[in-house]
Amino acid sequence: MSYRRIRLLITIVGLCLLVPAFFLPAIIMQQHSGPGLGTQPGWVCAVMATASLAGIFKGSIASATPDILCLMVSGLVNPLLLIYFIFCLWPKLVWVRLCLAIVILAGIATSWRFFYYSHLTPTIGHFLWVAGIVVILAGELVGRFEKRAK
């Protein structure tokens, strides 16, 4: 099987993990209006995190608290993943994809920091989201070591 086919197969597996994550509970939060726990699906988390990026354009980034900064950085993950897919159309742009992958992984790490600051608990949706992204990005490594050995 060729490098491109294996990479495509890995990307499809990653998407099969990633897409359902948006519909499953992603976080557990303490409800402020009463006792008990509440969950939010992944798509709500994605919308809130991406919407927090508006603070950058409003100029409120300088006065943002650490938890909001973490939310803003984690809000970059999904848009950057779409940009990563676009750059996959040009095989020679490996370094661009590598830089995007590093920023995406850093965004995932900041989402964990945001959970800590906000007293949120990640659930299955978040873990599938992370797993899907890691599998998609790992597809970049397929065949890289074989090419060096030849």
Side-chain angles (χ1 to χ4, degrees), residues 3-32 37-145 147:
Y3 161 72
R4 286 188 172 274
R5 285 187 180 184
I6 293 172
R7 187 160 174 225
L8 178 63
L9 181 64
I10 290 172
T11 300
I12 291 169
V13 169
L15 286 171
C16 288
L17 294 170
L18 182 71
V19 172
F22 289 98
F23 303 100
L24 293 170
I27 59 167
I28 297 174
M29 59 184 185
Q30 188 67 36
Q31 293 180 348
H32 297 288
L37 300 173
T39 61
Q40 292 293 327
W43 70 268
V44 171
C45 298
V47 168
M48 290 180 64
T50 306
S52 73
L53 294 171
I56 293 172
F57 302 111
K58 289 182 179 177
S60 62
I61 194 166
S63 62
T65 58
D67 60 329
I68 298 301
L69 288 174
C70 288
L71 181 62
M72 287 177 170
V73 174
S74 68
L76 291 170
V77 172
N78 291 321
L80 288 178
L81 189 62
L82 292 174
I83 293 169
Y84 174 86
F85 281 134
I86 292 169
F87 279 107
C88 285
L89 297 173
W90 295 280
K92 295 188 184 263
L93 297 176
V94 175
W95 289 105
V96 174
R97 291 192 306 272
L98 175 65
C99 292
L100 285 169
I102 290 168
V103 175
I104 289 168
L105 294 174
I108 291 171
T110 61
S111 72
W112 298 331
R113 194 69 180 165
F114 174 73
F115 292 160
Y116 171 77
Y117 284 130
S118 301
H119 307 289
L120 300 172
T121 304
T123 61
I124 187 68
H126 177 76
F127 296 120
L128 280 176
W129 179 71
V130 171
I133 291 171
V134 169
V135 169
I136 289 167
L137 297 179
E140 192 74 41
L141 300 175
V142 173
R144 297 291 177 209
F145 301 108
K147 288 181 182 180

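Note that the coordinates shown come from a computational prediction; the quantities given were computed from them, not determined experimentally.
Contact of the Met29 side chain with the His119 side chain is not registered, since no non-hydrogen atoms from C-beta on lie closer than 4.5 Å. For the pair Val44 and Pro41, the minimum side-chain heavy-atom distance is below 4.5 Å. At a threshold of 4.5 Å between non-hydrogen side-chain atoms, the residues Trp129 and Ile133 count as touching.
To the nearest 0.5 angstrom, Phe22 atom CZ is 11.0 Å from Leu128 atom CG. We find the CG-OG1 distance between Leu137 and Thr11 to be 9.0 Å, quoted to the nearest 0.5 Å. For the atom pair CD of Glu140 and CD1 of Ile10, the computed distance is 10.5 Å after rounding to the nearest 0.5 Å. Atom-to-atom distance recorded for Arg4:CZ and Leu9:CG is 15.0 Å, nearest 0.5 angstrom. The structure places SG of Cys88 at 10.5 Å from CG of Leu8, a figure rounded to the nearest 0.5 Å. Rounding to the nearest 0.5 angstrom, the gap separating the CG atom in Leu71 from the OG1 atom in Thr65 is 9.5 Å.
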Inset, instruction - List the steps and the verdict of side-chain contact (heavy atoms from CB on, under 4.5 Å) for Leu81 and Phe85. - result: CA-CA 6 Å; Leu81 189 62; Phe85 281 134; 4.0 Å; yes
Inset, instruction - Please assess Thr110 against Met72 for the test side-chain contact (heavy atoms from CB on, under 4.5 Å), listing each intermediate value before the final yes or no. - result: CA-CA 9 Å; Thr110 61; Met72 287 177 170; over 6 Å; no
Inset, instruction - Show your working on side-chain contact (heavy atoms from CB on, under 4.5 Å) between Cys45 and Ile27 and close with a plain yes or no. - result: CA-CA 8 Å; Cys45 298; Ile27 59 167; 3.8 Å; yes
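Closest non-hydrogen pair, Ala21 versus Gly125, comes out as CB-O, 3.1 Å. The two residues Leu120 and Pro122 come nearest to each other via the heavy atoms O-CD, 3.9 Å. Shown here for Pro25 and Thr39, the closest heavy-atom pair between the two residues is CB-CB, 4.0 Å. Closest approach of His126 to Ser111, counting heavy atoms only: CE1-OG, 3.5 Å.
With hydrogens and angles disregarded, a donor-acceptor distance shorter than 3.5 Å links the side chain of Arg97 to the backbone of Trp90.
For Tyr116, the OH atom counts as loosely surrounded, since its 6.0 Å shell holds 12 or fewer non-hydrogen atoms of other residues, nucleotides or ligands. In Phe23, the CZ atom is not crowded: 12 or fewer heavy atoms of neighbouring residues, nucleotides or ligands sit closer than 6.0 Å.
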